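Computed from a predicted structure; not experimentally measured. Convention: sequence-line order gives letters A, B, ...; per-chain numbering from 1.
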There are 2 protein chains.
Amino acid sequence: MNDSRNQALRYANQHQARFLQELQEFCAIPSISTDPAHKADMQKAAEWVAEKLRRAGVNNVQIFPTPGHPVVYGDVLNAGSQAPTVLVYGHYDVQPAEPLDKWSTDPFRPEIKGDQLFARGATDMKAQDLAAINAVEAILSTGNLPVNVKFLIEGEEEIGSPHLDPFIRQHKDLLACDIFLNPDTGMLAQDVPTITYALRGLAYFELHIQGPKSDLHSGVFGGVVHNPAQVLCELIAGMHDRDGRVTLPGFYDSVIEMDEAERQELARLPLNEAEFQRLSGAPQIWSGEKGYTAIERYGGRPTLEINGIYSGFTGEGAKTVLPAHAMAKISMRLVPDQDPDEVHRQLLAYLEQNAPPTVRWEVNVLTGGKASLSDRFSPGVQAMSKALETVWEKRTMFKREGGSVPVVTQMQQILGVDAVNTGFSLPGDNMHGPDEKTHLPTWYKGTQALIHFFFNLS
Amino acid sequence: MNDSRNQALRYANQHQARFLQELQEFCAIPSISTDPAHKADMQKAAEWVAEKLRRAGVNNVQIFPTPGHPVVYGDVLNAGSQAPTVLVYGHYDVQPAEPLDKWSTDPFRPEIKGDQLFARGATDMKAQDLAAINAVEAILSTGNLPVNVKFLIEGEEEIGSPHLDPFIRQHKDLLACDIFLNPDTGMLAQDVPTITYALRGLAYFELHIQGPKSDLHSGVFGGVVHNPAQVLCELIAGMHDRDGRVTLPGFYDSVIEMDEAERQELARLPLNEAEFQRLSGAPQIWSGEKGYTAIERYGGRPTLEINGIYSGFTGEGAKTVLPAHAMAKISMRLVPDQDPDEVHRQLLAYLEQNAPPTVRWEVNVLTGGKASLSDRFSPGVQAMSKALETVWEKRTMFKREGGSVPVVTQMQQILGVDAVNTGFSLPGDNMHGPDEKTHLPTWYKGTQALIHFFFNLS
């Protein structure tokens, strides 16, 4: 058995150059799920993944169409019914690359600089997808998989996985598993192997404020017609109080407080204010919600963010216009037991209480998903913890994560299975921003760790 | 003399069709002064005006280059040194046409619908330029001008006339005059001939807020890094207090209060809240600065407007980004004796007091000009009042204007001459907005009134 493990580890090492070339190929496909102009690229990316799975030795590879972007499935079920079944999750879609002028490379022409590969989607999460597929390829090419493995690689994670929930419900038997592996969470630092036991949920809205019927001359109507951009700013400003708390009525009612033991454990993580400041380049870290440290606010507390805002004239020069309309994209990161629908109602209640009668307003729901918590002592989490410690020769850190992976909640709710959340992206990888990159030595280590994980489970 | 007047009035009536054709020709030139891409169109518009002046019989027509867009000059000085000299002001530049999708016509393909001509610049102020030139053409084609007339038609009004002040200073003798006619202010309503005796000044800024070094993942950094869009909204929200007053320190210190007599006269104007609401299409009129009626706030009080705002992701869909940067275009309408430089210092002081240390900020000055007040009992204003009453057969209304015409202040300061502010644009003409239009019967009447004005002065 140890021999099989070692052969697989050697195979992965010997094929690094080809794995890297394939990663570049995969990242060159601009699979931007939110942009209808890239529909063909989404199909192309799905087919690329399916072909990669087949070449890796995975059976039963299928591309399932959905009302949105397709889901790619494949499995290797030769380990027998006594062996555990691992469902490996991934997504082949990526965030938009805008603002393009802030990139030092072309986001869809992957470029290697030193130990880094620069490309949109490099770290989130095409490298993670391939780490898992490559680990399975290495084992299958040198022997047999000690566990049953299924792959579920979707194309709508970056838009909130709107069609994944019905897909999972419709394919409960196909997806049945004992362990759900989600390599989309990442590491705290290059030398800190990390497992995430809590993920935040998300509720994402678009708020529109409509004032006059069309843009007006600000000299004629200023001071008489309420400026929708001003109204929007006032409404947004009111969404936090002086203590950095979100003011939507009832926002904290369902929040489960962290206990003292957990807060002490989180305090041991290397993600302190100085580290957040270094990673973000912000002049100073925000105090945020009063009474909580940065690392607690990051994963353990809900937040409200303005993701975008737009009104009036934003071109070059001075246009003296009073805008007719103003828009903001507003999203909340949720913790257990907050519910996105409840947060929607809270936002509406806030606007009903605070929006002035001088404007009309409208809220569109863009996406939403609940938060999740995993048992840190399950066999899957323990197998992964050991695998990471073998490769990194460091103690695995357990953390909460600020981001959202709706599929983790869905798997808990529909298949009744807890997630093993890990991954090999680093905090400085510029996920979702310009110059996204992945650290290649970490990626190679990740593939090794996943090989160990599969063997540890047997 | 009455015979000459009547011949000129008849000439203007007989040539209406050609005048309209010329107005369409003029409006078809996209002379957008703020947009460097339209530099050639600016030159073309200046040449078009020069040619029109020559054809009207105006002498000494010259196009003066400036570091920005050229100034067109011409004069007819045959009335003798005893006769008064009128300097007629105009501008051939227009506002940008964006948002283009809100127009029902192509903004630079003038289209007649019923009594209206639709085009960017139709009412602001190409129709006004031509009303004055056509009046002079009518008089010169049928006899002699009873006064000396000079034309000064600039190309930078919509960007705050940055090169007009030095131009006037350099050409003080050429521009010397007794009366300054500015037909850029307009009417209160179709049947209300109007003279404006006060214009507001303008101070226009761009405020930039810079947070982290690049766009971040809102799940990872939300609640820890201060969101620049949120900071911008909070700063803007704080610029008005609960009584609708602007909170910049010292903002009202130099404001000259209206006296009771003036407030009573303003109360007689037909521009009440219901009218503002009808014109704007806003759901309800804003109460604005407490203690002042809509018509008082409109021209007699300073205001602060958000002309544009931008941050983060504003495309289709849900991008969970924490933006690195946020920007707002903010302008203030000023009344005597506020000073744009002073307001700039007040804005900086406000930001120094209120901007948090979690972001960097920067203010760019885009344009500025002081407010102005004219003597309502000067010969020029009286001649215009009588001319309007002759054509409209209604009492002329005297009003303050919310907009800004920096040249009026400059003429007062440099040439020591008061302005006669009038014009034939209507409040519903969508000046600066989509579907700008001019009401043709009012425009024809305007030409007639200007003919009377020149004869009334002799």
Quiz item: Residues in ring-ring contact (aromatic ring centres under 6.0 Å, His included) with B:Tyr292, at least two apart?
Solution: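 Not a single residue meets the ring-ring contact (aromatic ring centres under 6.0 Å, His included) criterion with B:Tyr292.
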Practice problem: Quick one: list whatever passes ring-ring contact (aromatic ring centres under 6.0 Å, His included) with A:His69, sequence neighbours left out. | Solution: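 Residues passing ring-ring contact (aromatic ring centres under 6.0 Å, His included) with A:His69: none at all.
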For the candidates [options], which exhibits the highest count of non-hydrogen atom pairs separated by less than 4.5 Å from chain B?
{"options": "A:Asp435, A:Ile306, A:Ile295", "answer": "A:Ile306"}
{"options": "A:Glu305, A:Gln277, A:Gln95", "answer": "A:Glu305"}
{"options": "A:Ser311, A:Gly238, A:Gly402", "answer": "A:Ser311"}
{"options": "A:Asp124, A:Leu279, A:Asn430", "answer": "A:Leu279"}
{"options": "A:Pro427, A:Pro212, A:Pro36", "answer": "A:Pro212"}
{"options": "A:Met431, A:Glu158, A:His240, A:Glu289", "answer": "A:His240"}

Select one option (side chain, backbone, both, neither) describing which atoms of [X] are under 4.5 Å from chain A's heavy atoms.
{"X": "B:Phe313", "value": "both"}
{"X": "B:Lys102", "value": "neither"}
{"X": "B:Thr303", "value": "side chain"}
{"X": "B:Val225", "value": "both"}
{"X": "B:Thr320", "value": "both"}

Quiz item: From A:Thr358 OG1 over to B:Ile285 CD1, what is the distance, rounded to the nearest 0.5 angstrom?
Solution: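 Separation between the atoms: 9.0 Å.
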Quiz item: Going by heavy atoms in the side chains, are B:Glu401 and A:Val220 under 4.5 Å from each other?
Solution: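 When only atoms from C-beta onward are counted, A:Val220 and B:Glu401 do touch, with a gap below 4.5 Å.
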Practice problem: Hey, can you tell me if A:Trp286 and B:His226 have their rings parallel, tilted or perpendicular (30° and 60° cut-offs)? | Solution: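 Ring orientation, 0 to 90° scale: parallel.
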Quiz prompt | Heavy-atom donor-acceptor pair, B:Tyr310 side chain to A:Gly308 backbone, under 3.5 Å | solution =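 Between the backbone of A:Gly308 and the side chain of B:Tyr310 there is no qualifying donor-acceptor contact (under 3.5 Å).
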Quiz prompt | Sidechain-backbone polar pair: B:Lys319 side chain, A:Thr34 backbone, donor-acceptor under 3.5 Å | solution =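 The answer is no, because no donor-acceptor pair under 3.5 Å joins these two groups.
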Quiz item: In terms of heavy-atom proximity below 4.5 Å to chain B, should A:Phe276 be classed as side chain, backbone, both, or neither?
Solution: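 Interface part for A:Phe276: both.
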So which atom in [X] and which in [Y] form the shortest heavy-atom distance, rounded to 0.1 Å?
{"X": "A:Arg360", "Y": "B:Pro283", "answer": "NH1-CG, 3.6 Å"}
{"X": "A:Arg200", "Y": "B:Ser218", "answer": "NH2-O, 4.4 Å"}
{"X": "B:Thr314", "Y": "A:Ile309", "answer": "CG2-O, 3.5 Å"}
{"X": "A:Pro323", "Y": "B:Asn307", "answer": "CG-O, 3.8 Å"}

